[in-house]
A.B. asks: 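Could you have a look at this structure, given as structure tokens, before my questions?
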Amino acid sequence: MKAVKEKSGGLLELQCFYGGSKGDEVATVDLMKSGQLDGVAVSSVGLARLHKPALALQMPGLFTTWAKLDAARDALAGELETGLRNAGAGLVGWYDVGMVSVLSRGFPVRAPANLKGKKPWLWRDDPVVKAFYQRIGGVTPVSRSVLEVLPRLSTSAVDAVLQSPLAVEQLQWASKLDTITDLVVGPGVGAIVLAQKRLDALPGDLRSVVLDTGKIAAAALKNRIRTEDAAALARLKTKMTVVSLTAEERGWWNARFKETRQLLAQGTFSPVLVARLESMA
């Protein structure tokens with residue numbers, strides 16, 4: 001924010017709103033579309049609201065290292081940016097929210113079937129995790145926004161989550177969970193975007209200031225989150241029961257992950273996109 005003001009000679013200044021003060025991700029994206037906000041920093045659900053194919057990077061069992069995610073995202077960069085632009089959002093920069101883990105309360109999750117009859121959280125409007133629970137079968141997830149999860153963890157109305165360790169700590173969910181499965185489901189992706197109309201209305205030099213400083217900020221945020229997510233995972237493993245999986249158990253997870261991707265290729269994402277991403281994993 002300070003850099004934008006300095007580099008623009010005081011002609012531009014950014015005002016940021018934190019802590020969900022403007023609502024959840026869907027609400028903030030809608031506010032940007034209506035012109036009430038100039039931009040948003042969003043993760044998976046917000047991205048899906050703008051350009052659903054961006055969410056395909058989070059399909060389970062594909063990209064379990066940052067290097068693989070970076071390579072795939074770079075390969076799709078042009079079409080993802082075009083898709084966002086067509087939705088009225090100019091991409092400033094990509095970032096991530098951590099590698100997704102399986103965490104639970106009161107029971108171990110050694111296999112996807114262990115979630116049957118339980119109450120795992122499902123982020124509203126997240127088609128990827130929803131498809132995963134559908135492939136397991138016998139799972140009735142609790143569909144709530146992020147801000148509604150903590151009180152339900154406190155009362156055991158939610159007893160499992162698929163989320164990154166860093167997010168679990170920052171959202172204060174960690175104290176309500178006691179078991180973590182030693183498994184990477186996939187990455188949580190995000191992006192900083194600005195309303196394309198607002199960008200187009202800026203003079204070229206000021207638009208460059210916004211985009212250049214934004215790309216630097218997004219890259220710094222991405223690297224910081226990756227480092228802090230790894231540290232958060234290490235901390236959680238010292239405080240929780242760690243479920244170490246056998247090769248056979250990992251095979252069970254990979255089978256459900258593959259079935260999930262096949263289900264997503266039947267309408268959520270194009271079969272060509274799913275196959276292309278699978279070839280990059």
Side-chain angles (χ1 to χ4, degrees), residues 25 42-48 54-70 72-73 94-105 108-112 114-115 118 120-136 139 141-146 149 153 158-171 173-174 176-177 179-191 222 225-237 240 242-245 249-250 252-254 256-261 264 268-269 277-278 281:
E25 289 198 3
V42 291
S43 57
S44 57
V45 167
L47 280 173
L55 190 56
L57 293 164
Q58 286 191 183
M59 288 189 297
L62 281 185
F63 307 119
T64 57
T65 68
W66 294 123
K68 286 187 175 183
L69 172 63
D70 286 341
R73 192 157 49 192
W94 298 105
Y95 70 92
D96 307 301
V97 296
M99 284 290 180
V100 174
S101 295
V102 181
L103 301 102
S104 55
R105 177 179 180 175
V109 184
R110 303 199 68 87
N114 294 146
L115 291 169
K118 304 300 182 181
W121 167 59
L122 171 64
W123 196 354
R124 289 173 182 161
D125 305 308
D126 184 345
V128 172
V129 176
K130 181 179 180 180
F132 174 60
Y133 290 143
Q134 287 176 338
R135 292 313 304 156
I136 296 173
V139 179
V142 181
S143 179
R144 292 291 186 272
S145 69
V146 171
V149 175
L153 282 171
V158 168
D159 56 16
V161 300
L162 270 63
Q163 185 56 275
S164 72
L166 181 59
V168 166
E169 283 194 339
Q170 292 190 335
L171 293 167
W173 299 354
K176 313 299 181 184
L177 300 160
T179 307
I180 183 168
T181 303
D182 189 16
L183 173 77
V184 175
V185 176
V189 299
K222 178 180 69 175
I225 287 175
R226 290 180 177 185
T227 299
E228 292 188 358
D229 187 57
L233 176 61
R235 284 192 296 270
L236 292 181
K237 285 185 173 181
M240 297 182 178
V242 179
V243 178
S244 297
L245 302 179
E249 289 166 342
R250 290 186 182 278
W252 297 340
W253 286 96
N254 288 332
R256 296 295 84 75
F257 291 159
K258 183 176 181 179
E259 290 172 0
T260 299
R261 298 194 300 269
L264 290 167
T268 303
F269 307 125
L277 289 172
E278 286 183 328

A.B. asks: Carefully, step by step, assess E259 and I136 under the rule side chain to side chain contact (heavy atoms under 4.5 Å, CB included).
C.D. replies: CA-CA 9 Å; E259 290 172 0; I136 296 173; over 6 Å; no
A.B. asks: Does the side chain to side chain contact (heavy atoms under 4.5 Å, CB included) test come out yes or no for L57 and L277, once each step is laid out?
C.D. replies: CA-CA 8 Å; L57 293 164; L277 289 172; 4.1 Å; yes
A.B. asks: Who are the side chain to side chain donor-acceptor pair (under 3.5 Å) partners of D70, not counting sequence neighbours?
C.D. replies: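 Scan of D70 (side chain to side chain donor-acceptor pair (under 3.5 Å), adjacent residues dropped) gives R226.
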A.B. asks: What pairs with A231 under side chain to side chain contact (heavy atoms under 4.5 Å, CB included), at least two apart in sequence or on another chain?
C.D. replies: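 Checked A231 against side chain to side chain contact (heavy atoms under 4.5 Å, CB included); matches are R235.
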A.B. asks: Is a donor on one side and an acceptor on the other found under 3.5 Å between the side chain of N114 and the backbone of R110?
C.D. replies: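 Yes.
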A.B. asks: Closer than 3.5 angstrom, by distance alone: can the side chain of T181 be matched with the main-chain N or O of V109 as a donor-acceptor pair?
C.D. replies: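 Flag set: sc T181 to bb V109 pair under 3.5 Å.
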A.B. asks: Can you check whether V189's main-chain N or O pairs, donor with acceptor, with Q58's side chain at less than 3.5 Å?
C.D. replies: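 Answer holds: yes.
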A.B. asks: For K130, look at atom NZ and say whether over 12 heavy atoms of other residues, nucleotides or ligands are found less than 6.0 Å away.
C.D. replies: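 No, because the 6.0 Å sphere around NZ of K130 holds 12 heavy atoms or fewer from other groups.
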A.B. asks: Looking at side-chain heavy atoms only, is the closest gap between F257 and V185 below 4.5 Å?
C.D. replies: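 Result yes, sub-4.5 Å side-chain heavy-atom pair found.
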A.B. asks: Backbone N or O of R144 within a donor-acceptor pair of the W121 side chain at under 3.5 Å?
C.D. replies: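 Yes, because the side chain of W121 sits within donor-acceptor range (under 3.5 Å) of the backbone of R144.
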A.B. asks: What residues, two or more places apart in sequence or in another chain, satisfy side chain to side chain contact (heavy atoms under 4.5 Å, CB included) together with V128?
C.D. replies: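 Checked V128 against side chain to side chain contact (heavy atoms under 4.5 Å, CB included); matches are L55, P60, D126, L264, F269.
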A.B. asks: Can you name the closest pair of heavy atoms from F132 and T260 and give their distance?
C.D. replies: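 Looking at all heavy atoms of both residues, the shortest contact is CA-OG1, 3.4 Å.
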A.B. asks: If I compare all heavy atoms of A232 with all of E169, which pair ends up nearest, and what's the gap?
C.D. replies: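 Taking A232 first and E169 second, the nearest heavy atoms are CB-OE1, 3.5 Å.
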A.B. asks: With S101, which residues qualify under side chain to side chain contact (heavy atoms under 4.5 Å, CB included), at least two apart?
C.D. replies: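 In terms of side chain to side chain contact (heavy atoms under 4.5 Å, CB included), with neighbours along the sequence ignored, S101 is linked to L103, P165, I180, L233.
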A.B. asks: Provide the closest heavy-atom pair for P120 versus V139 in the form atom of the first, atom of the second, distance.
C.D. replies: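 Residues P120 and V139, closest heavy atoms: CG-CG1, 3.6 Å.
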A.B. asks: With sequence neighbours left out, what residues match R105 under side chain to side chain donor-acceptor pair (under 3.5 Å)?
C.D. replies: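 If we apply the side chain to side chain donor-acceptor pair (under 3.5 Å) test to R105, skipping adjacent residues, there are no hits.
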A.B. asks: Closer than 3.5 angstrom, by distance alone: can the side chain of E25 be matched with the main-chain N or O of S43 as a donor-acceptor pair?
C.D. replies: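 Here the side-chain-to-backbone pair exists.
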A.B. asks: For L69 and D96: C-alpha separation, side-chain torsions, deciding distance, then whether side chain to side chain contact (heavy atoms under 4.5 Å, CB included) applies.
C.D. replies: CA-CA 10 Å; L69 172 63; D96 307 301; 3.5 Å; yes
A.B. asks: Apply side chain to side chain donor-acceptor pair (under 3.5 Å) to R124 and list each qualifying residue two or more places apart in sequence or on a separate chain.
C.D. replies: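 With neighbours one apart ignored, the set is E148.
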A.B. asks: Please name the pair of heavy atoms, one in G190 and one in W94, separated by the smallest distance, quoted to 0.1 Å.
C.D. replies: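 In terms of heavy atoms, the two residues are closest at O-CE3, 3.4 Å.
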A.B. asks: Can you check side chain to side chain contact (heavy atoms under 4.5 Å, CB included) on V129 and W123, steps first, answer last?
C.D. replies: CA-CA 8 Å; V129 176; W123 196 354; over 6 Å; no
A.B. asks: Flag the pair M99 / P187 as yes when at least one side-chain heavy-atom distance between them is below 4.5 Å, and no otherwise.
C.D. replies: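 Contact flag for M99/P187 side chains = yes.
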